[in-house]
Amino acid sequence: LSIQCRIPHIAVSAAVSYSALSGTPFMRTTFLFLSAAASLVAASRESIDWKPLSDAVWQAARNQARPLLVDVWGDWCPPCRRMDQEVWTKPEVVDAVRKFICVSVKVPPSGLRDDQQAELGLRGYRVQGYPTIILFDPWRELILIESGFTYAHELIAELKEIPADYSSVRDFHLALVDDRDNSRALRALGAFYEPTSGFGIANRYYREALKKSGAKEDPSLRQTLVFDIAQNEIRRSDWKAAHSAFEHFHKEFPEARQDEVLLGLVLSEVRQKDFAAAARHLQDLESRFPESKAVPVAHRLVDRAKTRVPR
């Protein structure tokens, strides 16, 4: 009888002759050990209230206005077993997922079945790597997909960006169900993620809103969206994207908030070590808006950068 079993961090392979060892203490001990090992994964997941994938969990999410966390995993998958032992058991992770309805989708080595893929409703995306963590809002709108092993601190940072209660934006979502061409509803959903520092998620909604007819027909709304995107890229420390967004605003709205825009350009250029460009924009800021509060801030940024440049 040949037995192979994989458990977290341990691979056990035992070749046992049944005729020679049946009923012996060795045989009984081996099977007890393997049974205990096989239950390790299941025990490690018990810290979280995992639900099976079903219509009931989607309905519960809608009724309670709560987000969903879906873990697609397999006990045959080494990174999944590592997640079970090193991540899902951590008290801080258990605490971070309490606001979610947590769904466990266990897959065989052949991968996610077609009916499971359809139930998840991932249009244009096929789950292939494992584990895969998927975050949805209460109405099954995709927020995030993370494939492969994720460290606890990385997962917690992502989960913190997701609000616990979506009831305040229910009407905006329903408006988008009726008509996705609704810039104001999309902007409201984006703004909903900013208090939890979900700036990247917010910008996805803002960029979609810019493509809709409302933003195209309302210059004031468009101006607000472009500036919000630039600010959020600063908050995300994506200096290249921030610079691009501020340049966009500078060209499209040359008479609006230009002292703030020039300050944003100076900041993003200093962070990218483009000190010559930062100095030019500082000079422009000083000459056009000498009384602006942005001037001393920009000066400090450039002066500090000069002291750090190797001579």
Side-chain angles (χ1 to χ4, degrees), residues 135 137 141-145 157-158 160-163 169 172 176 180-289 292-305:
L135 305 183
D137 76 8
E141 185 152 313
L142 178 65
I143 303 171
L144 178 144
I145 295 179
E158 291 172 342
K160 283 182 177 178
E161 295 184 3
I162 311 304
V169 292
F172 295 112
L176 290 172
R180 193 77 184 184
D181 186 18
N182 188 329
S183 295
R184 294 192 180 279
L186 287 166
R187 181 176 184 268
L189 281 174
F192 175 67
Y193 287 95
E194 289 189 356
T196 53
S197 300
F199 304 120
I201 303 169
N203 276 1
R204 290 210 312 260
Y205 282 102
Y206 293 160
R207 288 189 172 100
E208 183 180 356
L210 280 171
K211 299 175 183 176
K212 305 303 182 182
S213 59
K216 292 177 181 178
E217 296 166 2
D218 184 345
S220 176
L221 175 58
R222 184 171 182 81
Q223 181 185 125
T224 298
L225 288 165
V226 175
F227 195 84
D228 286 348
I229 289 170
Q231 281 192 313
N232 282 343
E233 296 301 355
I234 289 286
R235 291 163 176 158
R236 297 179 65 231
S237 299
D238 189 336
W239 307 115
K240 185 176 180 180
H243 191 270
S244 176
F246 278 118
E247 280 194 323
H248 178 184
F249 190 97
H250 183 59
K251 293 174 182 176
E252 187 169 354
F253 307 102
E255 303 302 322
R257 308 181 73 164
Q258 286 301 299
D259 58 336
E260 295 174 86
V261 170
L262 288 166
L263 176 58
L265 289 170
V266 169
L267 173 58
S268 57
E269 286 157 357
V270 165
R271 292 292 186 263
Q272 294 181 91
K273 296 182 169 53
D274 188 352
F275 303 121
R280 287 195 301 272
H281 281 121
L282 172 57
Q283 186 177 19
D284 190 14
L285 176 61
E286 286 181 305
S287 64
R288 294 177 59 191
F289 308 99
S292 172
K293 294 179 181 179
V295 172
V297 176
H299 254 298
R300 285 196 295 272
L301 287 168
V302 172
D303 290 344
R304 287 174 184 171

For Q231 versus F246, what's the shortest heavy-atom pair and its separation? N-CZ, 4.4 Å
Kindly say whether K240 contributes a backbone atom to a donor-acceptor pair with the side chain of S244 at under 3.5 angstrom? no
Measure the shortest side-chain to side-chain distance between L210 and R222 over non-hydrogen atoms and say whether it is less than 4.5 angstrom. yes
Does any N or O in the side chain of S183 come within less than 3.5 Å of the main-chain N or O of A209, such that one atom is a donor and the other an acceptor? yes
Assess the residue pair F249 and Q223 against the criterion (side chain to side chain contact (heavy atoms under 4.5 Å, CB included)); give the C-alpha distance rounded to whole Å, side-chain angles, the decisive distance to 0.1 Å, and a yes or no. CA-CA 7 Å; F249 190 97; Q223 181 185 125; 3.4 Å; yes
Within-4.5 Å side-chain heavy-atom neighbours: L176 and L189: yes
Which heavy atom of A278 sits nearest a heavy atom of V270, and at what distance? CB-CG2, 3.8 Å
Are side-chain heavy atoms of W239 and L267 found at a separation under 4.5 Å? yes
Assess the side chains of H243 and Q272: does a donor N or O sit below 3.5 Å from an acceptor N or O? no
Kindly check if the number of other-residue, nucleotide or ligand heavy atoms within 6.0 Å of CZ (F172) is above 12? no
Minimum heavy-atom separation for A202 to N232, with atom names? CB-ND2, 3.8 Å
Quick check: does any side chain N or O of N203 sit under 3.5 Å from a backbone N or O of I229, one acting as donor and the other as acceptor? yes
Where the side chain of R180 meets the backbone of L186, is there a donor-acceptor pair that is under 3.5 Å apart? no
Measure the shortest side-chain to side-chain distance between R235 and E194 over non-hydrogen atoms and say whether it is less than 4.5 angstrom. yes
Is the closest side-chain heavy-atom distance between E247 and L265 below 4.5 Å? yes
For the student: nearest non-hydrogen atoms of G264 and I234, plus distance: O-CD1, 4.4 Å
Test your reading of the model: is there a side-chain donor-acceptor pair from Q258 to the backbone of F253, 3.5 Å cut-off? yes
Side chains of V266 and V297: closer than 4.5 Å at any heavy-atom pair? no
Has K216 got a side-chain atom pairing as donor or acceptor with K211's backbone, closer than 3.5 angstrom? yes
Which pair of heavy atoms, one from Y193 and one from I143, lies closest together, and at what distance? OH-CD1, 3.7 Å
Nearest 0.5 Å please: distance from the CD1 atom of I201 over to the CG atom of D137. 10.0 Å
Check R204 against L142 and note the closest heavy-atom contact, atom names and distance. NH2-O, 3.7 Å
Between the CG atom in L301 and the NE2 atom in H281, the distance rounded to the nearest 0.5 Å is 14.0 Å
Out of curiosity, L262 CG to S292 OG, how far, rounded to the nearest 0.5 Å? 9.0 Å
Side chains of L144 and E161, heavy atoms from C-beta outward: is any pair under 4.5 Å? no
Would you sort out whether R288 and D259 count as a side chain to side chain contact (heavy atoms under 4.5 Å, CB included), showing the intermediate values? CA-CA 8 Å; R288 294 177 59 191; D259 58 336; over 6 Å; no
Working to the nearest 0.5 angstrom, can you tell me the gap between I162 CD1 and S197 OG? 11.0 Å
Stepwise side chain to side chain contact (heavy atoms under 4.5 Å, CB included) test for N182 and K212: CA-CA 7 Å; N182 188 329; K212 305 303 182 182; over 6 Å; no
Please round to the nearest 0.5 Å and tell me the distance separating atom CG of L282 and atom CD of E269. 10.5 Å
Separation of E208 CD from L225 CG (nearest 0.5 Å): 11.5 Å
Can you find a pair of side-chain heavy atoms, one from Y205 and one from R187, that are under 4.5 Å apart? no
Within a radius of less than 6.0 Å around CD of E141, do more than 12 heavy atoms belonging to other residues, nucleotides or ligands occur? yes
